[in-house]
Amino acid sequence: MADPEKGAPATAMEEEVDEDEVEEVEDEEGGGERKELVDKLMKDPQSLPVSVKRRIKALKKLQLQYTDLEADFYKEVHALEVKYDKMHQGLYEKRRQVVTSEYEPNEEECDFPSDDETDDEKNLSKDMEEKAKIDEKEDKIHDFDENTKGIPEFWLTIFKNVDLLAEMVQDYDEPILKHLTDIQLKFHDEPMGFTLEFYFTENEYFTNKVLTKYYEMKCVPDKDDPFGFEGPEIFKCKGCTIDWKKGKNVTVKTIKKKQKHKSRGAIRTVTKTLQNDSFFNFFNPPPVPEDPNEEMDEDTQALLTADFEIGHYIRERIIPRAVLFYTGEALDDEDFEEEEGEEGEEGDDEEEEDDPDYDPSKDKAAKGQQPPECKQQ
């Protein structure tokens with residue numbers, strides 16, 4: 001029998017656990033030693049023997065050769081994009097004709113299985129027609145009917161579906177974007193880049209038929225940081241002049257301020273013109289310094305970074321998959337917001353509150369909410 005003062009002897013399982021704990025401690029110690037070695041090398045690379053430093057230089061030279069080959073690879077990829085883009089143009093043109101009602105697809109062209117309609121739903125559709133006619137006046141989300149031509153507001157709907165673009169579109173931009181009939185992509189070889197062309201029907205806002213946005217890309221490793229190369233990147237863009245009709249420029253706003261003369265006390269009204277939030281500022285990006293060594297201020301850098309992201313997204317995602325963004329099928333899960341008060345939420349909260357270990361402040365923090373005592377000022 002074990003002496004109670006000395007405690008019970010360790011079981012086999014407990015011995016195994018102890019061994020595991022020892023191994024974990026050893027691993028942690030080993031990891032700490034490796035990290036310490038890396039830190040030393042980063043702080044004092046000159047501490048390495050000359051022979052080792054020579055071999056590292058040789059490896060870096062090999063790495064630079066790999067980077068140069070990688071740049072050549074991306075140049076060939078771009079050439080391949082240009083080749084296939086010529087084949088895509090015919091499909092894009094057919095899409096434009098359908099959207100603008102210039103062409104009505106025949107039965108064969110419309111023979112595509114619907115993803116949202118099962119056989120049972122098809123059988124029920126006739127029974128629902130009468131009810132639909134009664135309810136169509138209630139909660140109507142559009143004015144489309146069987147006499148509607150083309151696909152109205154096709155591109156505006158896409159803009160409103162995609163968060164990245166929806167953030168740019170103001171209420172007063174929407175009547176203008178209803179006139180947007182097509183967005184076309186044109187690739188360039190030398191210099192490498194692309195142009196986005198936005199086509200508009202005649203409207204009361206501006207006289208332009210086409211608004212363009214040009215992007216220039218570079219596919220050469222930076223001399224100062226060659227190992228930071230990750231493929232072609234946009235580094236320059238240029239918009240176009242929008243010929244606004246009188247009083248229709250949504251990119252500016254005028255404000256009137258009263259000023260009082262310091263000595264005479266006379267009051268005058270001064271009108272100032274300020275930039276207004278609008279999607280159409282997209283065609284007036286900040287200029288990029290010609291001198292690559294000239295530093296940009298943070299605000300300009302942030303604007304250009306966002307601009308490049310939008311241009312790349314329109315090129316890579318929106319134009320090739322426009323119909324799927326129109327229907328919402330191409331939207332990422334994060335583009336959808338959960339409705340408040342969904343079924344099951346109330347019950348879950350009650351179960352959590354019944355848990356003696358439940359901490360509401362931790363729960364709010366996990367959901368990205370501030371506890372009451374931590375409200376931001």
Side-chain angles (χ1 to χ4, degrees), residues 14-85 164 187-194 214-238 285-313 315-317 332 334:
E14 287 172 338
E15 289 176 355
E16 290 178 7
V17 170
D18 292 340
E19 289 175 2
D20 290 341
E21 290 176 352
V22 170
E23 288 177 2
E24 287 179 4
V25 171
E26 290 177 350
D27 287 342
E28 290 175 1
E29 290 176 351
E33 291 175 358
R34 285 192 296 273
K35 186 177 184 302
E36 186 178 353
L37 175 60
V38 172
D39 289 343
K40 286 181 179 179
L41 290 176
M42 291 292 288
K43 291 177 182 177
D44 187 17
Q46 302 303 322
S47 63
L48 292 170
V50 174
S51 59
V52 175
K53 287 191 287 186
R54 289 180 67 255
R55 293 170 197 138
I56 290 175
K57 286 184 177 181
L59 292 184
K60 285 189 175 181
K61 192 171 182 180
L62 289 173
Q63 185 65 43
L64 187 57
Q65 292 175 23
Y66 174 88
T67 302
D68 291 337
L69 287 173
E70 191 178 19
D72 291 339
F73 164 78
Y74 283 115
K75 289 176 183 177
E76 290 196 26
V77 168
H78 181 74
L80 200 60
E81 283 183 317
V82 173
K83 173 185 174 181
Y84 275 87
D85 178 63
L164 187 65
F187 283 97
H188 310 300
D189 285 328
E190 292 295 336
M192 180 187 291
F194 61 95
Y214 167 82
Y215 288 94
E216 193 169 322
M217 305 168 71
K218 62 179 180 181
C219 191
V220 179
D222 192 326
K223 292 181 180 179
D224 297 329
D225 182 25
F227 301 131
F229 179 74
E230 295 182 351
E233 61 177 345
I234 299 171
F235 77 102
K236 186 187 295 185
C237 65
K238 183 179 179 181
V288 178
E290 293 296 331
D291 184 358
N293 297 319
E294 183 180 344
E295 292 187 5
M296 285 185 287
D297 60 81
E298 292 183 3
D299 290 341
T300 300
Q301 183 64 62
L303 285 171
L304 285 172
T305 299
D307 189 297
F308 295 167
E309 180 185 359
I310 293 163
H312 180 77
Y313 194 84
R315 167 199 161 177
E316 290 287 319
R317 301 286 303 280
D332 298 325
E334 56 265 27

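Note: hydrogens, waters and symmetry copies are ignored here, and every other heavy atom, side chains too, is used. Keep in mind it's a predicted model, so treat the numbers as computed, not measured.
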In Å, rounded to the nearest 0.5 Å, how long is the span from [atom1] of [X] to [atom2] of [Y]?
X      : Y      : atom1 : atom2 : value
Asp297 : Leu303 : CG    : CG    : 8.5 Å
Thr67  : Leu62  : OG1   : CG    : 11.0 Å
Ile56  : Gln63  : CD1   : CD    : 13.0 Å
Asp307 : Thr300 : CG    : OG1   : 12.0 Å

Quiz prompt | Check: His78 ring centre within less than 6.0 Å of Phe187 ring centre | solution =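 They qualify: ring centres under 6.0 Å apart.
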Self-check item: Atom CD of Glu298 with >12 non-hydrogen neighbours under 6.0 angstrom
Solution: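 No, because the 6.0 Å sphere around CD of Glu298 holds 12 heavy atoms or fewer from other groups.
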Are [X] and [Y] packed together at the side-chain level, in the sense that at least one heavy-atom pair is separated by less than 4.5 angstrom?
X      : Y      : result
Pro286 : Leu304 : yes
Met192 : Lys218 : no
His188 : Tyr214 : yes

Quiz prompt | Heavy-atom closest contact (Cys237 atom, Phe308 atom, distance) | solution =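 Residues Cys237 and Phe308, closest heavy atoms: SG-CE2, 3.7 Å.
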Quiz prompt | Smallest separation among heavy atoms of Lys236 and Val288, with atom names | solution =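 Here Lys236 and Val288 meet closest at CA-CG2, 4.2 Å.
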Quiz item: Should Glu81 and Arg315 be marked as a salt bridge (Lys or Arg N to Asp or Glu O under 4.0 Å) after you check the CA-CA gap, both sets of side-chain angles, and the distance that decides it?
Solution: CA-CA 12 Å; Glu81 283 183 317; Arg315 167 199 161 177; 2.8 Å; yes
